[in-house]
Amino acid sequence: MPIETTLEDLYSEVMGGVDDPLSVIVAPQVRFAYKKSDYLYLTYNQLFKSEKYRVQSLSGWKHIKLIVAARKKSNTLLHYHWLECTGILNLPVYLYKLFCIMVFVWSGGKLVWTIHNKMPPDGKLFRFNYLARRWMARASELLHVQCKSVIPELSRFYGVEESKFRMIPHPVYPRSLYPRAAAVEAINLRYDANLKIQDRLFLMIGHLSPYKRIGTVCRIFNDLPVQKKLIIAGPVKRGQMKYFKRLRRLVRNSDNILLIPQFISEENVPEFMNACDYVVFNYRSIFTSGGVFLAKSYNKRIILPDDLCAREFKDENMFFFRTKKELKELLENS
């Protein structure tokens, strides 16, 4: 069986064919209000239009529907994403979700799991998360990844055969192009910024969280010429307020770092993508980043860590680094 496949073929393989309408339960919830930026919506967009599939998604408390579906023994498949416990306060909800998934599987339900990361990137409750994820890997009929190179590592880590993995690439983000000058002016007006058209603009976009190592990039920019400006835009990830406060102190007196700690609406994302010259990533312990694919859709030059998964979809606009020194050299020479 080929490793690379499509979502439809993956489901057909799991179910032994899809003759009758197949109910696909997706978790977490698809955000239909963000049709241009939500990963899950973009992933299932074609299935929403197909008469062969009935796609529904689950919010946290609605996981009880998995137990109802298991009791009915209907033609249903569960496709799960982003299984992680982010801390002690999150533990009751996490255990409730995991219990519902277990009942579904033990009752004969078919499970597919998309492994976005080997382990939760923030590194909390490692042992507990590992055991839960190891169970998910073994309980799943098939495992979905977005690049082939991570399969041997995940196979060893979770103790499952490589033949259980299927690769489906990350969906493509739609783009909205307009002049850079208009994008820069829009950011200046909306966020009371002072960016100039002649500035070289570097962008880090997405949730603010320690695994993205934003502080390292900020310290490098503190030593760069003022016409090189770093824009950090995105909301603080849940539970990371202390990290945000440290970051805010770090950039407080900087003339070339603009920190926008708020949710960037889908309508405003193109302003940042059209304005910037480079999109910068300094993440650790993840396989694929939606931000990288967003930047690729805008044909932006991208600075990012050198790893096997990123190398798999490299192009001429991607510049890789392995060390902090190499990152600094890239930023200095860009």
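Below, each value reflects all heavy atoms present in this structure, side chains not excepted, and no hydrogens, waters or symmetry copies.
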Qualifying residue, where the test is side-chain hydrogen bond (donor to acceptor under 3.5 Å, both in side chains) with K229 and the options are D199, D255, D277: D199
Side chain to side chain contact (heavy atoms under 4.5 Å, CB included) assessment of I257 paired with N222: CA-CA 8 Å; I257 300 177; N222 283 334; 3.8 Å; yes
Under 3.5 Å: donor-acceptor pair, side chain of E332, backbone of L224: no
Ring pair (Phe, Tyr, Trp, His ring centres under 6.0 Å) assessment of Y298 paired with F293: CA-CA 9 Å; Y298 279 84; F293 288 93; over 10 Å; no
Residues that, via side-chain heavy atoms closer than 4.5 angstrom, fall in one hydrophobic cluster with F99: I64, I67, Y96, V103
Non-hydrogen atoms of F313 and K296 that approach each other most closely: O-NZ, 3.1 Å
Polar side-chain atom of N282 near backbone of P305 as donor-acceptor pair, under 3.5 Å: no
Flag for Y44-H79: side-chain donor and acceptor within less than 3.5 Å: yes
Closest contact, heavy atoms only, N90 versus E84: OD1-O, 3.8 Å
Donor-acceptor pair between E162 and S155 side chains, under 3.5 angstrom: no
For the student: nearest non-hydrogen atoms of K237 and S209, plus distance: CD-OG, 3.7 Å
Cluster overlap F281 with L208, hydrophobic side-chain contacts below 4.5 Å: no
Check: M273 main-chain N/O paired with K300 side-chain donor or acceptor under 3.5 Å: yes
Intermediate values then yes/no, side chain to side chain contact (heavy atoms under 4.5 Å, CB included), L258 and L230: CA-CA 6 Å; L258 173 61; L230 173 65; over 6 Å; no
Lys/Arg cation over aromatic Y130: R127, 6.0 Å, 45° cone: no
CD (Q198) with more than 12 external heavy atoms under 6.0 Å: yes
CG-CG distance between L22 and N75, expressed to the nearest 0.5 angstrom: 5.0 Å
Any E13 side-chain heavy atom under 4.5 Å of R166 side chain: yes
Exceeds 12 heavy-atom contacts within 6.0 angstrom, atom NZ of K164: yes
Shared hydrophobic cluster for W113 and F128 (ILVMFWY, side-chain gaps under 4.5 Å): yes
Exam field: side chain N129 to backbone C85, donor-acceptor pair closer than 3.5 Å: yes
K212 side-chain N/O to H207 backbone N/O, donor-acceptor pair under 3.5 Å: yes
Side-chain touch L142/L10, heavy atoms, less than 4.5 angstrom: yes
D9 side chain to S12 side chain, donor-acceptor N/O pair below 3.5 angstrom: no
Cation-aromatic face contact R284/Y211, 6.0 Å, 45 degrees: no
L58 and I25, any side-chain heavy atoms less than 4.5 Å apart: yes
Under 3.5 Å donor-acceptor, D315 side chain and N317 backbone: yes
Value rounded to 0.5 Å, distance of CG in L91 from OG1 in T86: 10.0 Å
Sub-4.5 Å side-chain heavy-atom contact between K228 and F202: yes
Side-chain donor-acceptor contact under 3.5 Å, E312 with S149: yes
Shared hydrophobic cluster for F320 and I220 (ILVMFWY, side-chain gaps under 4.5 Å): no
Check: Y283 and P121 side chains under 4.5 Å, non-hydrogen atoms: no
Verdict with reasoning, N299 to R175, per side chain to side chain contact (heavy atoms under 4.5 Å, CB included): CA-CA 10 Å; N299 294 321; R175 63 183 182 177; 3.0 Å; yes
Heavy-atom neighbours of R134 CZ exceed 12 at 6.0 Å: yes
H116 and H81 aromatic ring geometry - parallel, tilted or perpendicular at 30°/60° bounds: tilted
CZ on R248 to SG on C218, rounded to 0.5 Å: 13.5 Å
Test side-chain contact (heavy atoms from CB on, under 4.5 Å) applied to L40 and N45, V55, V30, the passing residue: V30
Main-chain N/O of E326 paired with T323 side-chain donor or acceptor, under 3.5 Å: yes
For I197 against A181, the heavy-atom pair lying closest together: CD1-CA, 3.4 Å
Check: R138/Y158 side-chain N/O donor and acceptor closer than 3.5 Å: no
H144 and Y80: CA distance, side-chain angles, deciding distance, ring pair (Phe, Tyr, Trp, His ring centres under 6.0 Å) verdict: CA-CA 10 Å; H144 165 217; Y80 216 91; over 10 Å; no
Derivation of the side chain to side chain contact (heavy atoms under 4.5 Å, CB included) call for R213 and T216: CA-CA 6 Å; R213 298 185 290 193; T216 299; 4.3 Å; yes
Value rounded to 0.5 Å, distance of CG in N268 from CD1 in I187: 9.0 Å
Side-chain donor/acceptor of N188 to backbone N/O of L195, under 3.5 Å: yes
For Y173 against S37, the heavy-atom pair lying closest together: CE2-O, 3.3 Å
Main-chain N/O of L294 paired to S297 side chain as donor or acceptor, under 3.5 Å: yes
Spatial distance of atom CH2 (W61) from atom SG (C100) [nearest 0.5 Å]: 12.0 Å
Donor-acceptor pair, side chain of N256 and main chain of D223, under 3.5 angstrom: no
Closest non-hydrogen atom pair between A69 and F104, with its separation: CB-CE1, 4.3 Å
Enclosure of L89 CG (heavy-atom neighbours >12, cutoff 6.0 Å): no
Close side-chain approach of Y94 to P92, heavy-atom, < 4.5 Å: no
Atom pair CG/CG of L83 and L98 - distance to nearest 0.5 Å: 6.5 Å
pair I231-F272: side-chain heavy atoms closer than 4.5 Å: yes
Side-chain heavy atoms of Y11 within contact of K110, under 4.5 Å: no
Salt bridge present between D306 and R311 (N-O < 4.0 angstrom): yes
